[in-house]
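One structure below.
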Amino acid sequence: MKTRKTSLLKWVAMLELVIGAYNLMTGLMSAYVMITDLKGVMDSLAESGIEYSAGILGASVAITSIGGLLMVLAGVAGMIFGALPGKQKLPVYCGYGLLAFAVLSDIIQVAFLGSGIGLSMLFPFVIHGFYLWGAMKNKKELEAAA
């Protein structure tokens with residue numbers, strides 16, 4: 001009996017899809033809370049000793065939402081277009097886009113939002129790096145088969 005091999009791209013694309021959906025949902029819920037009760041959010045942060053402006057909070061929510069949307073789109077592209085001959089370049093481009101967004105997001109968080117550099121900033125690079133590696137590996141396999 002022949003077993004079916006699932007590519008690295010499909011596994012990482014599923015992971016990107018799940019994490020991206022969670023980030024998108026979190027970003028949209030945070031945006032809803034900020035829109036409906038910005039004063040309450042600012043008061044709650046002030047009570048806990050954290051002073052942020054509404055612009056900084058908005059930028060953080062936007063980064064979370066946009067990053068989640070990009071991860072969902074890349075996950076869908078990797079799962080659908082990864083196996084189609086002639087369409088294998090789209091997941092590679094999505095991988096480069098994800099890495100570029102991760103770099104840009106970290107720069108914005110450190111330079112403008114006052115975030116410190118932490119080990120958790122490496123997690124997106126690992127996930128997106130595996131996605132890009134799987135997309136390139138998948139592209140080479142599809143080109144070799146054609």
Side-chain angles (χ1 to χ4, degrees), residues 1-36 38 41-42 44-45 48-146:
M1 185 169 154
K2 185 177 180 181
T3 61
R4 187 170 180 207
K5 180 183 165 190
T6 304
S7 69
L8 174 65
L9 176 61
K10 290 226 184 220
W11 285 107
V12 179
M14 282 188 272
L15 189 63
E16 290 274 357
L17 184 64
V18 170
I19 294 173
Y22 176 76
N23 284 348
L24 181 60
M25 185 174 52
T26 302
L28 292 177
M29 286 190 307
S30 299
Y32 174 74
V33 168
M34 282 186 58
I35 289 170
T36 58
L38 181 61
V41 170
M42 298 302 283
S44 175
L45 288 174
S48 64
I50 302 172
E51 292 293 327
Y52 284 122
S53 68
I56 289 176
L57 288 175
S60 178
V61 168
I63 287 171
T64 302
S65 300
I66 292 169
L69 180 63
L70 288 176
M71 288 175 72
V72 166
L73 293 176
V76 169
M79 292 177 71
I80 293 174
F81 297 114
L84 296 176
K87 303 284 185 185
Q88 66 268 20
K89 288 184 181 180
L90 183 62
V92 173
Y93 295 144
C94 287
Y96 284 128
L98 286 170
L99 284 174
F101 185 79
V103 169
L104 182 64
S105 171
D106 285 348
I107 289 172
I108 289 171
Q109 285 179 358
V110 170
F112 299 113
L113 301 180
S115 172
I117 297 174
L119 191 59
S120 64
M121 288 184 163
L122 294 178
F123 181 70
F125 291 106
V126 172
I127 296 289
H128 303 330
F130 275 130
Y131 181 89
L132 183 60
W133 181 36
M136 290 187 151
K137 185 177 165 187
N138 187 54
K139 180 179 177 256
K140 287 180 186 177
E141 288 174 359
L142 287 175
E143 288 175 350

Output the distance between atom [atom1] ([X]) and atom [atom2] ([Y]), rounded to the nearest 0.5 Å.
X      : Y      : atom1 : atom2 : answer
Lys139 : Glu141 : NZ    : CD    : 12.5 Å
Ile19  : Ile127 : CD1   : CD1   : 4.5 Å
Thr64  : Leu69  : OG1   : CG    : 12.5 Å
Met79  : Trp11  : CE    : CH2   : 10.0 Å
Leu104 : Leu99  : CG    : CG    : 12.5 Å
Asn138 : Lys10  : CG    : NZ    : 8.0 Å

Would you check if the side chain of Ser30 reaches a backbone N or O of Thr26 as a donor-acceptor pair within less than 3.5 Å?
yes
Does any N or O in the side chain of Tyr131 come within less than 3.5 Å of the main-chain N or O of Ala74, such that one atom is a donor and the other an acceptor?
yes
What is the minimum heavy-atom distance between [X] and [Y], and which atoms define it?
X      : Y      : result
Leu24  : Ser65  : CD1-O, 3.5 Å
Pro91  : Leu9   : CB-CD2, 4.1 Å
His128 : Ala102 : CD2-CB, 4.0 Å
Leu38  : Ala54  : CD2-CB, 3.9 Å
Met121 : Asp106 : O-OD2, 3.6 Å
Leu45  : Leu57  : CD1-CD1, 3.6 Å

Could I get the full list of side-chain contact (heavy atoms from CB on, under 4.5 Å) partners for Val33, not counting sequence neighbours?
Val41
Please, which pairs that meet side-chain hydrogen bond (donor to acceptor under 3.5 Å, both in side chains) have at least one residue in residues 74-103, sequence neighbours excluded?
none
Is it the case that over 12 heavy atoms from other parts of the model lie below 6.0 angstrom from the CZ atom of Phe130?
no
